[in-house]
A.B. asks: 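Just passing along the structure, written as C-alpha cells.
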Amino acid sequence: MVPKIFCFLQFFTLFTVTFASTEEATALLKWKATFQNQNNSLLASWRLSVGACTDWYGVICFNGQINRLNITNAGVIGTLHDFPFSSLPFLEYVDLSMNQLSGINELGSLKNLNDLKLSSNQISGSIPMTLGDLTELKFLYLHSNQLSGPIPSELGNLKNLNDLELCDNQLTGSIPITLGDLTELKILWLYSNQLSGLIPRELGNLKNLTDMELFQNKLSGSIPISLGDLTELKILYLHSNQLSSLIPVEIGKMKSLEVLALQSNNLSGPIPITLGDLTELESLHLYSNQLSGPIPRELGNLKNLSDLELQENQLTGPIPASFGNLRKLQFCHLPDHLCQDGKLENFTVASNKLTGPIPRSLSKCSSFKWVRFNNNSFTGNLSEAFGIYPELLFIDLSDNDFHGELSSNWGKCKKLIDLRVARNNISGSIPLEIGNVKGLLGLDLSLNHLIGQIPKEFGKLTSLLNLSNNKFGQKIPKEIGRITQLNVLDLSYNLLVGDIPPQLANLKVLVNLNLSHNGLFGRIPQELESLTGLQDVTLSYNELEGPIPNNMAFINASLEGNKGLCGNVAGLQPCERPSSMVKKHSMTKGCKLTLITILPAMGALVLLCVFIGVLFMCNKRRRVREVERRDGDGWLSISMLDGKELYRDILNATEEFDAKFCIGRGGHGSVYKVNLPSLGNIAVKRLHSSFQNTHPKSFINEVRALTGIKHRNIVNLYGYCSKAQHSLLVYEYVERGSLASILSNEVESKILDWLKRVNIIKGVAYALSYMHQDCSPPIVHRDISSSNVLLGSEYEARVADFGLAKILNPDSSNCTTLAGTYGYVAPELAYTMKVTQMCDVYSFGVLSLEIVKGKHLGEYITVLANSLTIDSEHLSDLLDERLPYPEDRVKDILVFIIKLACSCLLETPKSRPTMHFISHKLSSMDARPPIHQRNPYVMRAI
Ligand SMILES: *[C@@H]1O[C@H](CO)[C@@H](O)[C@H](O)[C@H]1NC(C)=O
Ligand SMILES: *[C@@H]1O[C@H](CO)[C@@H](O)[C@H](O)[C@H]1NC(C)=O
Ligand SMILES: *[C@@H]1O[C@H](CO)[C@@H](O)[C@H](O)[C@H]1NC(C)=O
Ligand SMILES: *[C@@H]1O[C@H](CO)[C@@H](O)[C@H](O)[C@H]1NC(C)=O
Ligand SMILES: *[C@@H]1O[C@H](CO)[C@@H](O)[C@H](O)[C@H]1NC(C)=O
C-alpha cells in the first residue's frame, strides 16, 4: 500500500508543475525580460523549457504555486515597478535584497506575504500606503534604499510584524504614533533617515521590543518616560539626534538593557542614579551632551559594563572624592567593582570639568584598553594614580594638572600604542623603560617640565614622537635615526644643543620635522637632502649655520632666527662661493697670527653664547628688538614724549575734543584724529570717563610693554597720558580707516580686490602670530573684528587695540567682563572662563570669512564650522558678489583660506590651528601672478 500512495503524490506534483504555475512562470519571465543585464548567469535557469518549481534559481513552490522567491544578491539590474506581484498571489516569502532594483510598486495584493525583503537596492519614491494591507507580514525590510517622504501611518495595521527595518533611507516627517500598535514587534530600526518631531510615547507599548534603533535622525523633544516600560529591550540607540531635556529616571526600569547610546544629543541635567539599576548593561554612551553634576556612584553597580563613555559634557566633581567616600561607607565603589570583575575596557571622561586626583583603585583596572581622562582639571601625582595595564592600548591624560613623574610602569604596558600626557605639570625625566614598548606609535609629552636626555632606548620605537615644549637638554640622540617608521618628529621648544644628527636621514618616511626653538648649532646635515617625503620643516630659532640641504622641504622651511644659514632662498644670504673661501685662506701672516691667538678664546665665547642663547631662548622679544633696530624707523615711545606737553597739544588741536575731530567710537572710548606740528597725524583714543585706573602701576607697565611692540601689521601705540578728567592712548594714525567701514562701502569695497583681501588676511595672521608666538608672555587680542583692523595706505592690514581688553580690565582673566564683539567671540567663552590664544584664532576665522564674503556671515558661521568640504556651488555663496569671480589660481587660494578659516571655527579650542601655523601656511602662498608667465605655444606661433 505504501508505494502506491507515494506514486500518487509524485504524480500530483508533476501535474501542477506543468500546468498550474505556467502563468506565474510567464509573468516572472516577462519581468526578467525587462532587466538591463540579460546575460545574468544566476537567472539563466529561468526558462520555459524547464519546470519553474523544480529547476529555477531561487524559486520554491508549494502545492504547485510559487511560494517563495529568493534572489538576494543575484546581480539583477531592473525595476521593481515591473515586478508581477498580482500574478503571484501565493507568494509568502520574497527576498529581492542586494540587487540593483529601482522604482517602487503598489504591493498591497500579496495578502499571504510573511516576509518582504527589498533592502539594499536603489528603490526611490515613498513607501506605498498599501503596504498596510499586507497584514500577515512578519518581516519588512526596506532599509538601505533611497526611499523618501513620510512613514505611512497605515504600517500600524501590520499587527503581526516582528521586525521593521526602514533604516538608511531619506525618510522625513515624524514617526507615526500607529507604530505603537505593532505589539509583536521585536526589532524597530528607523535609523539614518531625516525623521523629525518627537519620539511617540506610544512606542512604550511595544512590550516585546528587544532592539530599538532611532539614531541619526532629527528627532527632538525629550525621551518619553514610557520607554521605561520596554523591559525586554536589550539595545536602545537614540544617539545623534536633537533630543533635549533630562534623561528620564524611568530608563532604569529597562532591566534587560545591554547597550544604551544617547550620545550626541542635547540632553542636560544629571546622569540619573537609576542607571545603576541596569545590571545587564555592557555599554553606556552618554558623551557629547550637556550633562552636568557628578558621575553617580551607582554606576558602580554595573558589573557587566565594558564601555563607559561620558566625555564632552559638563560633568563636575571629583571622581575620587565620591568613590573614595563610598569605599569607606562599604557601598559600591566604581573603580573596584568595575575593575575587580575585569570587564571595563573603555573608560572615557575627557572634556568635562572633573576635578581631584584619580582614585588609586583605578590602578587595579587590568582590563583597561582605551582610557581618556584628558581635558579636565584632574590633579594629583601621576606616578601614584596608575598601575600596570597589560591590555592598555591608548591612554590620554593630557590637559590636566597632574604633577609628579612618569612612572616606569608605563614601560610594562606592553600593548600600549599611544601615550599622551601633554600639557600637564609633570617633571623628571622620561623613564628608559618606555623604550621597551615596542608597538608605541604615539607619544605626546609636550608642554611639561621634563628634563634630562631623550633616552637612546627610543631608538626601539617605530613611530610618532612629540616631545616638544619640555626642557630636554643635551643632544638629540643619534638613535632616533633608528625609528625608521617615524612620520613626525617634533622636539621644538626644548633646550637641545649640539648638532642635528645626520642619522635623521634614515627616517625615510618622515613628513614633518620640527626642531625649532632649541639651541642646536652647526650645519644642517646635507644627508637630509635625501628625505624626499618631507613636507614641513621648521628649524627656526636655533643657532644653525651653513648651507641648507637642497630639498624642497628645506627650501620652503621656516628658518628664521638662526645664526647664519645660507642658500638661494628668499630671506637667506647666498652661500659664499668657494673662491671667496680661498680669499679668506690667503690672508696675510699678521692676520693669521692674531687669529691663532684669538680662536680658542672665540671658541669659548661661542660656547658661552650658545649657553646664553639657550637660557634666553624663550625671550623672543630680544630678537624682535634686534630686527626693529635694523628697521631704524625711529618710532617714538612713551619715554620720549613729554606727557604734559603732549596732553596740552592734543587738547588744543582737538579744541577740547570737539566732535568734528572724532573719527570713530568703540567699546572703550572715542577716537580722534589729531594733527600735531611735532608728530604729524596721530589717533587719540579717549577712554570713557567710566574707565577707572585702579592699578596705575601695572597699567603703566602694560602700556609701556605695548609701546615696545613694533610690527608692520600692528598699529603702534605711542603712549598714554592721563589727567583728572581724561585718559588718552596715543596711536599712530592709519590712513584708510577700518576694514569694517571699507567693506560696507560699495565703492571702496570694489577697490579691495581679491589680492588685497588675501594680503589683509595674511597681515592679520602675521600680527596675531607675532603677538601669540613671539611675545613672552603671549598677548591675546581678545577682540579681533573688522572694526579693529585698519588699513594703511597700501591697503595693508594694521591691527589696532592689541592688549587693550586686558589692560582695561586688568582683573579679568575671563571673557565675561570682556567686551569681545558679538559674532566674533569663540563659543567656548560662553561656558569657560579662560581666555586663550584660541579665542583669537576663532575670531580670526570669522574675520577671514567676512573679508572674503564682504560681510559677516552671521549664523552661517556655525554651519561652516561643521562643514568639511567646500564645493564650487558652496564657494560662490562665500564670495563677495561685488567682485568679479576669481580666476582659477586666486580661487584656489580663496578656497584654501576658507578651509583654513573653517578650521579656526571648530568648537573645541584645541582642535583649532595656532596662529603660528596659520601664518606659516599663508606665507607660503603667493597670490600674485607669476612674473614670467609665458605660453610656449604662443611663442611658437610667432
Ligand atoms: C553582461 O552585460 C552587461 C551589459 O548589459 C556587461 O556590462 C557585462 O560585462 C556582461 N557580463 C558578462 C558576464 O558577460
Ligand atoms: C536566499 O538565497 C541565498 C543565496 O542563495 C541563500 O544564501 C539564503 O540562505 C537564502 N535564504 C533563505 C531564507 O532561504
Ligand atoms: C510577546 O511575545 C510573547 C512570546 O514571545 C507572546 O506570547 C506575546 O503574545 C507577544 N506579544 C505581547 C504583546 O506580549
Ligand atoms: C540645548 O539645550 C539648551 C538648554 O538646555 C538650549 O539652550 C540650547 O539652545 C539647545 N541647543 C540646541 C542646539 O538645541
Ligand atoms: C572601545 O573603544 C574602541 C575605540 O573607540 C572600540 O573600537 C572598541 O570597540 C571599544 N570597546 C568596547 C568594549 O566597546
Side-chain angles (χ1 to χ4, degrees), residues 28 40-46 52-62 66-76 91-101 112-121 137-141 162-163 165 187 213 215 234-237 239-240 257-264 278 280-288 299 302-312 338-339 341-351 365-375 389-396 413 415-420 439 441-442:
L28 278 181
N40 185 311
S41 57
L42 279 180
L43 299 192
S45 60
W46 286 22
C53 292
T54 49
D55 296 320
W56 284 23
Y57 175 82
V59 173
I60 294 177
C61 300
F62 180 73
I66 295 184
N67 174 258
R68 295 169 68 89
L69 181 64
N70 172 8
I71 52 169
T72 183
N73 203 8
V76 175
L91 272 180
E92 288 183 9
Y93 180 99
V94 175
D95 187 349
L96 307 180
S97 60
M98 295 197 276
N99 285 296
Q100 295 182 47
L101 295 171
N112 297 316
L113 208 57
N114 274 310
D115 294 61
L116 180 58
K117 301 181 177 174
L118 304 176
S119 47
S120 301
N121 277 292
L137 264 191
K138 289 199 165 72
F139 297 87
L140 177 55
Y141 294 174
N162 270 242
D163 188 346
E165 304 188 9
I187 295 177
E213 307 194 12
F215 62 92
K234 289 187 158 72
I235 298 174
L236 179 57
Y237 283 164
H239 56 278
S240 306
L257 213 55
E258 292 170 3
V259 183
L260 176 58
L262 304 179
Q263 73 269 24
S264 304
L278 301 172
E280 300 299 316
L281 209 59
E282 291 167 12
S283 174
L284 175 57
H285 288 184
L286 302 178
Y287 61 86
S288 299
L299 295 191
L302 304 178
K303 297 205 179 77
N304 289 309
L305 204 60
S306 61
D307 190 7
L308 175 59
E309 305 201 10
L310 306 176
Q311 68 268 28
E312 290 169 38
L338 291 172
C339 299
D341 294 333
K343 292 251 173 78
L344 191 62
E345 294 178 5
N346 290 358
F347 186 39
T348 58
V349 294
S351 300
C365 294
S366 55
S367 50
F368 269 175
K369 277 190 181 158
W370 296 80
V371 177
R372 293 174 198 261
F373 287 98
N374 50 299
N375 217 350
Y389 308 105
E391 301 300 320
L392 191 66
L393 301 170
F394 178 99
I395 186 162
D396 193 346
C413 303
K415 293 192 181 164
L416 201 57
I417 295 172
D418 206 328
L419 171 64
R420 304 186 187 179
L441 295 176

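Counting starts at 1 for both ligands and their atoms, following the listed order. What you are looking at is a predicted structure, and each value in this text was computed from that prediction instead of being measured.
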A.B. asks: State the atoms of ligand 2, each with its element, that fall below the 4.0 Å cut-off from a heavy-atom position in Arg68.
C.D. replies: 13 (C)

A.B. asks: Of all residues at least two apart in sequence or in a different chain, which pass the side chain to side chain donor-acceptor pair (under 3.5 Å) check with Tyr237?
C.D. replies: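 Tyr237 satisfies side chain to side chain donor-acceptor pair (under 3.5 Å) with no residue once adjacent residues are dropped.
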
A.B. asks: Thr72 heavy atoms, cut-off 4.0 Å: which ligand 2 atoms fall inside?
C.D. replies: 1 (C), 2 (O), 3 (C)

A.B. asks: Taking all non-hydrogen atoms of both residues, which atom of Leu69 and which atom of Val59 are closest, and how far apart?
C.D. replies: CD1-CG2, 3.8 Å

A.B. asks: Kindly state whether the ring of Phe139 and the ring of Tyr93 have centres lying under 6.0 angstrom apart.
C.D. replies: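 That pair fails the under 6.0 Å test.
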
A.B. asks: Can Asp115 and Tyr141 be counted as having a side-chain donor-acceptor contact under 3.5 angstrom?
C.D. replies: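 No donor-acceptor contact under 3.5 Å links the two side chains.
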
A.B. asks: Any donor and acceptor pair, going by atom type alone, linking the side chain of Asn121 with main-chain N or O of Leu96 inside 3.5 Å?
C.D. replies: yes

A.B. asks: Please determine, by modelled atom types, if Ser97 and Ser120 share a side-chain donor-acceptor pair under 3.5 angstrom.
C.D. replies: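 Per modelled atom types, Ser97 and Ser120 side chains form no pair under 3.5 Å.
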
A.B. asks: Below 4.0 Å from any atom of ligand 5, which residues have a heavy atom? Give them in chain and number order, please.
C.D. replies: Ser306, Asp307, Glu345, Asn346, Trp370

A.B. asks: Between Asp95 and Ile71, is there a side-chain heavy-atom distance shorter than 4.5 Å?
C.D. replies: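 The answer is no, as the side chains (C-beta and beyond) never meet within the 4.5 Å cut-off.
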
